[in-house]
Number of protein chains: 2
Amino acid sequence: MPSNRPRAGSPQAPSPAAARDDSPASPWRASRERLRDREVKRDAVIRAAARAFNRKGYHNTSLDDIAAALEVTKPTVYYYVSNKEQLLFECFVAGIEGIRAAVREARSQAAPARERLKAVLRHYGEAVASEFGWCMVRAEDQDLSPDMSAHIKAMKSEIDQGIRRLLREGIQDGSIHPCDPKMTAFALAGALNWIAHWYRESQGMTGTQIAEAFIAVFESGLRPRPEISNEVQTCRKPKSSSSRPGAPRSARSRGSSRR
Amino acid sequence: MPSNRPRAGSPQAPSPAAARDDSPASPWRASRERLRDREVKRDAVIRAAARAFNRKGYHNTSLDDIAAALEVTKPTVYYYVSNKEQLLFECFVAGIEGIRAAVREARSQAAPARERLKAVLRHYGEAVASEFGWCMVRAEDQDLSPDMSAHIKAMKSEIDQGIRRLLREGIQDGSIHPCDPKMTAFALAGALNWIAHWYRESQGMTGTQIAEAFIAVFESGLRPRPEISNEVQTCRKPKSSSSRPGAPRSARSRGSSRR
DNA sequence: TAGAATAGCTACTGGTGAGTATGGTCCACG
DNA sequence: CGTGGACCATACTCACCAGTAGCTATTCTA
């Protein structure tokens, strides 16, 4: 049962996002007065764990390391999480939640499936390039208890199935070139997941830019295209109406940064 | 200095490839008479390690596990390798060697760059789906000493640069759609690397089939193409090629024209 | 202000696993 | 035949680390 965090009703004011983004400031020593917002501190523990896992790997990170990064001691960490495994799980969930939301949102829209798929891939790339990307990508069965592993597998499968569905719908509505949805979904997810292996912040590109570059690659393919009108050119009967491939999504100024 | 294996000249007969492929037979208990071919036993240790890492992960595999799989004890393993890290390194090299060879071979050929790239990707996919694929993909800096890490990084970079060069050449000779070589290489390698995460043998597809399916995805792209000649449409063709994944060094018939 | 809850520390346990010290056995070769 | 080396096992050492016991200090509440 992973979500057994106390969550005791949050009685106080929401505490205006102290030290929100990527500063390594810990809510303990950061300001000497103890802000006793449990959730803020708990989040800080999760984030510190994510950074440590990201840098040294899960097995090479001890809870003493994480505690030291927060300038506290190990029992303090255990005051907020029950064990190391849960720490990894929470990092995973923090990373994958955005993708799941994007997949769900894609199902409730009316745009051509390729545009909806691109939106999902964009969120996907951003999530993988986030500070939780490593944990999301690398959290493996072997390091987790069976229930946690099952949770993670279910979430991953949800995303995979969502992508496959978008591919099928795109083939149906003519916005996506016919292909094997399963293999194509593997290829897309694999390319995006791998971002977590080579991407380091402060390297110039943001996650969004990388996602855009990848989408450009996936869309065009390696084989040259007769560069007539860069619009759809459906090659298969668009399956009744509703196939307005006219891109209601933004003006398609996808420069794709090709040099 | 990773390659300090004794390699004592191999004075005896080559010993006709005892228990070559994926049988877990160990050269120790397999035949009661002790064949003292050091290389064969050493290879068996490497392969056993690869299988164990593949199944349980590097950190969750103890050298006692590997020894038990070979029905020997831990000091015997240490008689053939110097430490656990070297074991991982050897598995990595065993996996990546085929790709490096393919990249080098691609440079000495005259075919259009896209065809040469496809050949490289085919070898790449096969290597990742091999029993050393996991080690090749997952061997990380954090688990290795600085020199080993540098070695690995150099080999990976060699392959990456080779793919980028093929992409540039393909854009030049018109066989590849204009794109950002760096990002495209990342996308290709990522998709292929990720095979190691989901591929399990006995799942129906061989590494070659997966590689072919991925190549079809990369070639066409998601955006529909005007259906001029039939050409593409490689979706789920059973293909039934007689390439049994054993037979490592066969004639390889690299037909650049599909079907 | 007493008592309870919160939040954190020092100092420990227990288990695991990498790597080794030491010695035994079998074979090749002089 | 006996000696040295190749090969392998028993039985250890040692370090690291997840997790805990029990204490202290601060803050909230009645």
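Reminder, nothing fancy here: chain letters follow the sequence lines and each chain counts from 1.
- The number of heavy-atom neighbours closer than 6.0 Å to CZ of R104(A), taken from other residues, nucleotides and ligands shown, is above 12.
- Of the candidate nucleotides dC8(D), dA7(C), dA18(D), dA18(D) has the atom nearest to the side chain of L63(A).
- Rounding to whole angstrom units, CG of residue D143(A) and P of dA18(D) are separated by 12 Å.
- Atom-to-atom, CZ of R42(B) to C1' of dA6(D) comes out at 16 Å; the value is rounded to the nearest Å.
- Distance from the side chain of Y79(A) is smallest for dA7(C) among the nucleotides dA7(C), dA18(D), dA9(D).
- The nearest whole Å value for the distance from the CG atom in N60(A) to the P atom in dC17(D) is 9 Å.
- Per the geometry, OH belonging to Y78(A) stands 19 Å off P belonging to dA11(C), to the nearest Å.
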| said: Please encode protein proximity along nucleotides 11-16 of chain D as a string of B, S and -, counting only heavy-atom distances under 4.0 Å. | reply: ------
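- A sub-4.0 Å separation between OP1 or OP2 of dA7(C) and a side-chain N or O of R38(A) is present.
- Note on ring orientation: taking the six-membered ring where Trp is involved, the planes of F214(B) and F218(B) are perpendicular (angle over 60°, cut-offs 30° and 60°).
- Residues D143(B) and H59(A) have side chains that never bring a donor and an acceptor to within less than 3.5 angstrom of each other.
- In this entry the distance linking CG of D64(A) with C1' of dC9(C) reads 13 Å, nearest Å.
- Rounded to a whole Å, the CD atom of E85(A) is 16 Å from the C1' atom of dC17(D).
- Contact check, T76(B) against dA9(D): a side-chain N or O comes under 4.0 Å of OP1 or OP2.
- With rounding to whole Å, L70(A) atom CG is found 11 Å from dG8(C) atom P.
- For S62(A) and D65(A), the side-chain atoms include at least one donor-acceptor pair closer than 3.5 Å.
- Seen from the ring of F92(B), K156(B) does not count as a face-on cation partner, given the 6.0 Å and 45° thresholds.
- Looking at D160(B) and R164(B), a side-chain N of the basic residue comes within less than 4.0 Å of a carboxylate O on the acidic one, giving a salt bridge.
- One interatomic measurement links the two molecules: OH of Y58(A) to P of dC17(D), which rounds to 13 Å at whole-angstrom precision.
- Ring-plane geometry between F53(A) and W134(A) is classed as tilted, the angle between the planes lying from 30 to 60 degrees on a 0 to 90 degree scale.
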